[in-house]
2 protein chains.
Amino acid sequence: MNHDPVKRLPGWATMSDVAHAAGVSLMTVSRVYKNPSAVSAATRERVLNEGDRLGFVPNMLAGNLASGRSAMIGIVVPSLRNSNNANSIQGMADRLRQASYQFMITNTGYSLDAEALAVEAFIRRRPDGLVLTGTRHSDETYALLRGSGLPVVEVWETEGPIIDMATGFRNREAGGEIARYLIAQGYDRIGYVDYPVPGLRRYEARRDGALDALRQAGLRADIVVSPLSTDVTEDTSSFRGGTSGLQQLLDAGGVRAVLCASDLLAVGVMFEAQRRGMRVPEDLAVAGFGDFEIAAEIPPGLTTIRTQGYQMGWAAADMLISRIEGLPIDTEIKNVDYALVKRGSA
Amino acid sequence: MNHDPVKRLPGWATMSDVAHAAGVSLMTVSRVYKNPSAVSAATRERVLNEGDRLGFVPNMLAGNLASGRSAMIGIVVPSLRNSNNANSIQGMADRLRQASYQFMITNTGYSLDAEALAVEAFIRRRPDGLVLTGTRHSDETYALLRGSGLPVVEVWETEGPIIDMATGFRNREAGGEIARYLIAQGYDRIGYVDYPVPGLRRYEARRDGALDALRQAGLRADIVVSPLSTDVTEDTSSFRGGTSGLQQLLDAGGVRAVLCASDLLAVGVMFEAQRRGMRVPEDLAVAGFGDFEIAAEIPPGLTTIRTQGYQMGWAAADMLISRIEGLPIDTEIKNVDYALVKRGSA
DNA sequence: TTGTAGGCGTTATCAG
DNA sequence: CTGATAACGCCTACAA
């Protein structure tokens with residue numbers, strides 16, 4: 001009697017088991033779990049009881065194979081430790097859960113090659129859609145996505161050519177807005193601390209917007225430092241970047257105000273100012289970008305641009321779901337709002 | 001622009017397609033992609049060429065169904081925004097990637113019911129293993145796990161009964177160690193700011209360890225505040241908790257030193273002290289827990305316990321992989337090291 | 001080294 | 001509302 005193949009997942013009850021136990025066909029069980037309203041209340045009850053009794057949990061791998069849909073999304077982010085990113089991931093997670101999708105996630109460490117590998121690894125699992133960070137990708141990534149025909153949302157940047165859909169905000173505008181605020185406050189020598197990771201459009205845009213504003217106001221737009229621009233890794237401390245950024249600015253002749261590409265850099269600047277006995281904002285005004293949680297807490301409060309990471313993530317998931325389910329989409333490119341938040345630092 | 005729902009069976013090339021094109025059997029193609037060394041170099045070359053030409057990407061859903069293995073892990077965390085957690089997730093991600101596993105992740109908002117739902121949702125996808133946070137779970141979760149027979153690692157706590165395997169560190173011991181350090185520094189009235197989320201063993205243990213140490217030194221062990229203990233959500237600001245924690249301690253008669261259940265609380269305390277013109281450590285000593293990135297940056301440096309979240313996550317993934325692949329495991333319970341880090345704040 | 005047969009657990013389809 | 005049948009794309013086991 002040893003004709004049965006060895007079971008690799010022993011113990012799992014299957015739909016057949018439940019069907020037998022409940023005295024119905026396979027399809028009825030399937031319907032009970034996928035589309036309960038298509039089954040009479042009585043049979044549904046009976047099937048569910050037997051299912052529970054047998055500890056039946058539907059095997060989605062099998063279902064996905066049969067249906068060609070996986071209810072799974074792949075999300076590619078540069079870093080899992082970036083708290084700014086965490087907000088957008090949470091936004092996606094909440095929207096996806098609401099629609100009964102799950103997600104895989106992977107980080108690339110800001111490497112486009114790693115991104116391509118991640119995308120291929122995801123595609124092997126036949127997700128229903130993909131979320132990528134930024135609008136700059138390797139040729140291989142583009143080829144894979146083209147071949148897959150999958151819905152794709154790019155997040156955080158709406159600059160640059162879009163693959164399919166994108167959510168983000170106007171980085172350039174936002175950079176201009178906070179720079180103009182500093183200018184309006186009467187600060188003259190304004191320095192810019194750029195993001196430590198080079199080549200990201202969103203940071204380039206926000207810097208260029210700021211520098212343009214300075215130029216238009218007739219101010220110097222060349223007091224720019226890129227802390228840690230060598231030897232950058234995913235784990236490069238942004239706080240430390242602010243620290244060395246301020247050092248560099250002071251070495252270069254000093255500034256009256258510092259505009260930073262992210263709040264964490266700004267906090268690093270403020271810490272360094274504190275260490276040097278410089279008062280914020282009296283001796284040095286500081287502005288950040290992102291409105292991270294700490295911005296509201298650090299004395300005297302960090303003036304910054306609030307970006308709506310959570311809403312952006314939610315919108316990204318929402319667009320993806322719409323496309324997957326064939327619903328109409330208003331725009332392929334959705335910009336969420338940002339807002340200047342004035343606090344004590346500038 | 002395509003508003004049609006995702007089509008069943010899009011134009012994916014299958015192994016048969018590749019097999020036909022290369023003039024070999026299905027199994028040869030399968031081997032080329034799963035176990036290349038089992039195929040002659042010549043055929044392998046030919047198959048890979050055809051595969052590339054056809055844009056073939058293996059369908060793991062089908063493979064998983066056939067093999068009963070998914071190379072997929074489910075990770076359940078309370079919050080995706082907790083930066084401490086992020087380190088352990090990164091540790092898992094790196095170890096998993098190394099072994100070609102992918103992961104799904106979901107957050108529970110500290111709800112045990114949400115955890116049970118998440119576990120069931122994961123099980124439907126037949127992961128090879130599961131990672132849970134903490135050692136306290138609902139009966140339903142226990143039942144699901146028992147029924148699944150899946151390898152499980154619990155992380156961050158090794159206190160309490162273990163389901164299968166666990167990684168963490170000795171929270172109680174660590175709490176005692178940092179308390180004893182404060183005592184040795186000569187501080188007498190020492191207050192404790194507890195974690196805002198109630199019912200988590202790891203925080204209870206670290207608090208109890210600290211209070212025991214105070215008692216043994218003959219000091220008061222009842223100056224404990226639980227900021228924000230009502231109306232807690234996943235997004236409760238830990239900084240704000242530190243702020244209100246210090247307020248409460250001062251209202252309750254003041255303290256010479258504050259020990260906090262997490263670095264973020266400690267940073268909140270330091271910010272509030274700064275606002276009140278209290279000097280750290282001269283007027284108020286502060287100690288944290290976790291050695292978050294900010295601890296080294298905030299002046300005058302935060303004395304804290306370094307917990308190795310990354311290593312813990314790596315170890316968790318490592319144990320899980322070992323169990324999945326039938327390799328021996330030294331211990332079911334693996335404690336990673338922690339270390340007292342002395343900085344300027346206490 | 002390569003091929004054949006059978007099945008993994010579910011869903012689409014169409015008939016009753 | 002329920003059921004029979006045929007995929008879905010790949011892998012295990014065994015044979016050649």
Side-chain angles (χ1 to χ4, degrees), chain A residues 2-47 51 54-72 123-126 128, chain B residues 5-47 51 54-72 123-126 128 148:
Chain A
N2 291 332
H3 293 291
D4 292 345
V6 176
K7 287 221 158 193
R8 283 164 299 267
L9 287 175
W12 280 116
T14 70
M15 278 196 175
S16 313
D17 297 333
V18 179
H20 278 125
V24 295
S25 79
L26 211 55
M27 270 318 295
T28 299
V29 180
S30 175
R31 288 189 185 102
V32 166
Y33 285 92
K34 277 217 75 178
N35 184 16
S37 62
V39 177
S40 76
T43 26
R44 186 169 54 219
E45 200 68 16
R46 190 150 35 95
V47 168
L54 296 171
F56 173 66
V57 180
N59 183 335
M60 285 186 79
L61 295 177
N64 297 162
L65 181 61
S67 70
R69 294 225 15 228
S70 62
M72 182 75 138
I123 289 181
R124 288 169 128 86
R125 303 210 185 247
R126 299 297 189 267
D128 289 338
Chain B
V6 168
K7 293 277 182 12
R8 189 168 188 276
L9 311 187
W12 282 112
T14 70
M15 278 196 175
S16 314
D17 297 333
V18 179
H20 278 125
V24 296
S25 79
L26 211 59
M27 269 318 296
T28 300
V29 180
S30 174
R31 289 190 185 101
V32 166
Y33 285 91
K34 276 218 73 178
N35 184 18
S37 63
V39 177
S40 77
T43 22
R44 186 169 53 218
E45 200 69 16
R46 191 151 34 94
V47 168
L54 296 171
F56 172 66
V57 180
N59 182 336
M60 285 185 79
L61 295 178
N64 298 163
L65 182 60
S67 70
R69 293 228 11 229
S70 62
M72 183 73 133
I123 290 181
R124 287 168 128 85
R125 304 213 184 247
R126 300 296 188 266
D128 288 339
S148 76

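All chains are named by letter (A, B, ...) in the order of the sequence lines, taking the proteins before the strands, and each is independently numbered beginning at 1. None of the values given here were measured: they were computed from a predicted structure. Side-chain atoms are counted along with the backbone in the values below, which use heavy atoms only and exclude waters and symmetry mates.
Among the atoms of the strands shown, only primed sugar atoms or phosphate atoms (P, OP1, OP2) are found under 4.0 Å from some heavy atom of A/F56.
Look at CZ on A/R125: it is 15 Å from C1' on D/dG9, rounded to the nearest Å. B/L61 has its CG atom 12 Å from the P atom of D/dC11, to the nearest Å. Spacing between atom CG of B/N64 and atom P of D/dC10 amounts to 11 Å, rounded to whole angstrom units. Atom pair A/M60:CE and C/dG9:C1' shows a separation of 13 Å (rounding to whole Å applied). Counting to the nearest Å, the P atom of C/dC8 and the CZ atom of B/R69 are 19 Å from each other. In this structure, CG of A/N35 is placed 15 Å from C1' of C/dT13, rounded to the nearest angstrom. The nearest whole Å value for the distance from the NZ atom in B/K34 to the P atom in C/dT2 is 18 Å. Between the NE2 atom of B/H20 and the C1' atom of C/dG3 there is a distance of 13 Å, given to the nearest Å.
The side-chain contact (heavy atoms from CB on, under 4.5 Å) test applied to B/S30 returns B/M15, B/M27, not counting sequence neighbours. By the side chain to side chain donor-acceptor pair (under 3.5 Å) test, B/S16 pairs with no residue at all, sequence neighbours left out. In this structure A/R31 satisfies the salt bridge (charged side-chain N to carboxylate O under 4.0 Å, His left out) test with no other residue, sequence neighbours excluded. With sequence neighbours excluded, no residue forms a salt bridge (charged side-chain N to carboxylate O under 4.0 Å, His left out) with A/R44. Applying the side-chain contact (heavy atoms from CB on, under 4.5 Å) criterion to A/A22, with sequence neighbours excluded, gives A/V24, A/R46, A/V47, A/E50. Residues passing the side chain to side chain donor-acceptor pair (under 3.5 Å) test with B/N59, sequence neighbours excluded: none.
Side-chain atoms of A/R126 and A/L65, non-hydrogen and from C-beta on, never get closer than 4.5 Å to each other. Residues A/R125 and B/M72 meet the side-chain proximity criterion, which asks for heavy atoms closer than 4.5 Å.
Non-hydrogen atoms lying under 4.0 Å from DNA chain C are contributed by B/V39, B/S40, B/T43, all within residues 39-47 of chain B. Sorted by residue number, the members of residues 22-30 of chain A with any non-hydrogen atom under 4.0 Å from DNA chain D read A/V24, A/S25, A/M27, A/T28.
Closest-nucleotide positions on DNA chain C for A/M15 and B/A38 were compared, and the one nearer the 5' end corresponds to B/A38.
Taken from NE2 in B/H20 to OG1 in B/T14, the straight-line distance is 9.0 Å, to the nearest 0.5 Å.
Of the candidates A/V18, A/T43, A/V39, A/V32 forms a side-chain contact (heavy atoms from CB on, under 4.5 Å) with just one, namely A/V39.
Looking at every heavy atom in both residues, A/Y33 comes nearest to A/P58 through CD2-CG, 4.0 Å.
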Check the interface with nucleotides 14-16 of chain D: list each N/O to N/O pair with the protein under 3.5 Å, or write none.
none

